[in-house]
S.K.: 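Supplied in structure tokens, the structure appears directly below.
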Amino acid sequence: MKYALLIYQNEKDWAEADSEQRARAYEAHGRFSDLLRERGADRGGEELALSEMSTTVRIEHGTAVVTDGPYAETAEQLGGFYLVDGRDLDEALEFARELAAMGDVIEVRPVVDHSADEPGGDAH
């Protein structure tokens, strides 16, 4: 089953990190990616631009309203994600613990499988 590992972090901490701290963080993510590949669980992932670069779209009174910035003001912002294929939630949580050890908050969310909805689809 696929799971999204959503990485939340305080962008202020990242903005204040020096080049050595950033290099260590990227190295740690590289090792985590290697672990996922070794386990056959890697299905992708990306670092996201800072939330100040985001654009939010909502419908108000039947009209699309576009605003600069994130949907919500929070202490931690979505900074990236990994898409993993785990045998079950326990394995996805095992991966999340590895990520959380880097100091970020990790949300584990199952990915909805719509393959059974497709003609000739198989829901596994």
Side-chain angles (χ1 to χ4, degrees):
M1 179 166 194
K2 289 183 187 166
Y3 293 90
L5 306 182
L6 306 173
I7 305 166
Y8 290 90
Q9 59 194 165
N10 184 315
E11 289 182 344
K12 183 176 180 249
D13 292 345
W14 184 248
E16 294 173 355
D18 62 30
S19 59
E20 187 176 307
Q21 291 168 313
R22 287 176 181 234
R24 282 195 306 269
Y26 285 127
E27 287 171 13
H29 280 281
R31 288 189 302 274
F32 181 73
S33 294
D34 291 343
L35 169 76
L36 292 179
R37 280 190 290 279
E38 289 167 9
R39 301 271 299 267
D42 182 28
R43 296 297 176 267
E46 296 292 337
E47 178 181 3
L48 300 175
L50 295 177
S51 63
E52 68 189 27
M53 300 298 298
S54 65
T55 303
T56 302
V57 180
R58 65 173 53 90
I59 302 297
E60 292 181 4
H61 309 290
T63 302
V65 177
V66 179
T67 55
D68 292 335
Y71 173 70
E73 294 291 327
T74 61
E76 295 164 333
Q77 295 77 31
L78 180 62
F81 66 93
Y82 286 94
L83 183 61
V84 301
D85 197 356
R87 66 181 171 276
D88 54 24
L89 178 60
D90 289 336
E91 185 174 38
L93 292 173
E94 181 183 328
F95 294 140
R97 284 184 196 94
E98 291 281 336
L99 272 176
M102 295 181 210
D104 298 323
V105 175
I106 310 303
E107 177 182 347
V108 178
R109 192 179 301 184
V111 174
V112 176
D113 181 2
H114 286 286
S115 62
D117 301 340
E118 301 169 8
D122 184 359
H124 69 299

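This is a predicted model, so every value here is computed, not measured. We use all heavy atoms of the structure for the numbers below, so side chains are in, but hydrogens, waters and symmetry mates are not.
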S.K.: With distance as the sole test, does Glu11 use its side chain to make a donor-acceptor pair with the main-chain N or O of Ser51 at under 3.5 Å?
M.R.: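 At least one qualifying donor-acceptor pair exists.
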S.K.: Remaining members of Leu83's ILVMFWY cluster at a side-chain heavy-atom cut-off under 4.5 Å?
M.R.: Val111
S.K.: For Glu47, give me all partners under side-chain contact (heavy atoms from CB on, under 4.5 Å), at least two apart in sequence or on another chain.
M.R.: Trp14, Tyr26
S.K.: Taking side-chain contact (heavy atoms from CB on, under 4.5 Å) as the definition, give me every residue that meets it alongside Asp13, ordered by chain and number, with sequence neighbours left out.
M.R.: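 Checked Asp13 against side-chain contact (heavy atoms from CB on, under 4.5 Å); matches are Asn10.
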S.K.: When you measure from the side chain of Asp90 to the backbone of Leu93, do you find a donor-acceptor pair of N or O atoms at a distance under 3.5 Å?
M.R.: no
S.K.: With sequence neighbours excluded, what pairs up with Leu6 under the side-chain contact (heavy atoms from CB on, under 4.5 Å) test?
M.R.: Ala4, Tyr8, Leu78, Phe81, Glu107, Arg109
S.K.: Mind listing the closest non-hydrogen atom pair of Ile59 and Ala64 along with its distance?
M.R.: CD1-CA, 3.6 Å
S.K.: Side chain to side chain contact (heavy atoms under 4.5 Å, CB included) between Asp42 and Val84: does it pass, once the steps are laid out?
M.R.: CA-CA 5 Å; Asp42 182 28; Val84 301; over 6 Å; no
S.K.: Any chance you could measure Arg58, atom CZ, to Thr67, atom OG1, to the nearest 0.5 Å?
M.R.: 5.0 Å
S.K.: Please name all residues satisfying salt bridge (Lys or Arg N to Asp or Glu O under 4.0 Å) with Glu94, sequence neighbours left out, ordered by chain then number.
M.R.: Arg39
S.K.: Report the residues that fulfil salt bridge (Lys or Arg N to Asp or Glu O under 4.0 Å) with Glu60, sequence neighbours left out, ordered by chain and then residue number.
M.R.: none
S.K.: Checking Ala17 now: which residues fulfil side-chain contact (heavy atoms from CB on, under 4.5 Å) with it, not counting sequence neighbours?
M.R.: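 Only Gln21, Arg22 meet the side-chain contact (heavy atoms from CB on, under 4.5 Å) criterion with Ala17.
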S.K.: If the condition is side chain to side chain donor-acceptor pair (under 3.5 Å), which residues does Tyr82 pass it with, not counting sequence neighbours?
M.R.: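 By the side chain to side chain donor-acceptor pair (under 3.5 Å) rule, Tyr82 matches His29.
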S.K.: Grouping I, L, V, M, F, W and Y whenever their side-chain heavy atoms are under 4.5 Å apart, do Leu99 and Leu48 come out in a common cluster?
M.R.: no
S.K.: Transitive ILVMFWY cluster of Val66 at side-chain heavy atoms under 4.5 Å: who else is in it?
M.R.: Val57
S.K.: So, does Asp85 use its side chain to make a donor-acceptor pair with the main chain of Ala41 at under 3.5 Å?
M.R.: no
S.K.: Using side chain to side chain donor-acceptor pair (under 3.5 Å) as the criterion, list what pairs up with Arg37, not counting sequence neighbours.
M.R.: Asp34
S.K.: Who passes side chain to side chain donor-acceptor pair (under 3.5 Å) against His114, sequence neighbours left out?
M.R.: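 Checked His114 against side chain to side chain donor-acceptor pair (under 3.5 Å); matches are Asp117.
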S.K.: Test of understanding: clusters of I, L, V, M, F, W, Y form through side-chain heavy atoms closer than 4.5 Å, transitively. Do Phe95 and Val105 belong to the same one?
M.R.: no
S.K.: Identify, with sequence neighbours excluded, every residue that meets side chain to side chain donor-acceptor pair (under 3.5 Å) alongside Gln9.
M.R.: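 Gln9 satisfies side chain to side chain donor-acceptor pair (under 3.5 Å) with no residue once adjacent residues are dropped.
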S.K.: How close do Pro110 and Met1 get, counting heavy atoms only, and between which atoms?
M.R.: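 In this case the closest contact between Pro110 and Met1 is CB-CE, 3.7 Å.
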S.K.: Heavy-atom distance under 4.5 Å between the side chains of Ile106 and Ile7, does that happen here?
M.R.: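 The answer is yes, as the side chains (C-beta and beyond) meet within the 4.5 Å cut-off.
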